[in-house]
Every structure is written in C-alpha cells, then in structure tokens.
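Have a look at the structure below before the remarks.
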Amino acid sequence: MSDVPATSDGHVTVGSTDNAPDAPAGRISRSDVAHLARLARLAVSEDELDVFAEQLDVILGAVARVGEVAAADIPPTSHAVPMTNVYRADEIEPSLPREAVLASAPDVEDHKFRVPRILAEEA
C-alpha cells in the first residue's frame, strides 16, 4: 500500500528507510519527497507524498527543458525585454501661480495651505 510509514494521524514518519524500489531515473520518488520534507521540517501526509512527487517532477522537467534551450551564442539577460529609463527630463515647465492655487484652498496661512493638526507636537 505505502512505501513510507505513516503515523496514526496520517502524517509520514520521515527519516525512516524506504524499502520500495526508487522511482525511474530522473523521477522524484516518495522517499525523496519524504527526505525533503524531513529536511524542511514539514509534516507530509501519505497522499501528499504522491502529489508532491508529481509536482516536483514537473518542475524539474521544466528546468531541464530550459537548460536544453540555452545556447552559447545567446547572451545572459536579467529581463525578457530591454529596460529603458522611464523618467522624463527634469525641466522647468509653466504651472499655476501660487495665488491662484491658494485662492481655492479652504484655509491659508503665511502663503501656505492650512490643515488640521494630525500629530501631537513633541516636547
């Protein structure tokens, strides 16, 4: 039924030896998943061993495919598309006069917006 012993609550007793034959070459076995779970100090159930083994196989297969595609004539990149500076030049442009802006403010003091205090003054 199972190649990794489970506790009464259904979690795997990691760190035990696995008597079942290993998975086919290049595949992650239940014992590999149990070992990784033990190293990560994770409680893994019997059902999760199979699910995680399949998921890890898919991940490792995808990584292997990336390694097959990489070619020596393709330079390494940090981004898929070229990065460009998105900032505009810092140039002075006309803006509203201060008087016009302050004229629409609800309260003005010393040529500045006056707002309610939100922080207490520290001594």
How would you list, by chain and number, every residue that makes a side-chain hydrogen bond (donor to acceptor under 3.5 Å, both in side chains) with Asp110, sequence neighbours excluded?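 None.
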Sequence neighbours left out, what passes side chain to side chain contact (heavy atoms under 4.5 Å, CB included) with Arg41? Give chain and number order.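 Testing Arg41 for side chain to side chain contact (heavy atoms under 4.5 Å, CB included), a comparison that skips the adjacent residues, returns none.
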Would you give the length of the straight line joining atom OG of Ser31 to atom CZ of Arg38, rounded to the nearest 0.5 angstrom?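 Going from OG on Ser31 over to CZ on Arg38, the span is 11.5 Å.
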Between CZ on residue Phe113 and CG on residue Asp107, distance to nearest 0.5 Å: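 CG of Asp107 is found 11.0 Å from CZ of Phe113.
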Donor-acceptor contact below 3.5 Å, side chain Asp57 vs main chain Ile28: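 Yes, the answer is positive, given that a donor and an acceptor are paired below the 3.5 Å cut-off.
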Under 3.5 Å, which donor-acceptor pairs link side chains of residues 82-99 to any protein atom two or more places apart or in another chain?
| residue | atom | partner | partner atom | Å |
| --- | --- | --- | --- | --- |
| Asn85 | OD1 | Tyr87 | N | 2.9 |

Distance-minimising heavy-atom pair for Arg30 and Leu49: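 That closest heavy-atom pairing would be NH2-CD1, 3.5 Å.
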Qualifying residue, where the test is side-chain contact (heavy atoms from CB on, under 4.5 Å) with Leu36 and the options are Leu42, Leu56, Val44: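 Of the listed options, the one satisfying the test is Leu56.
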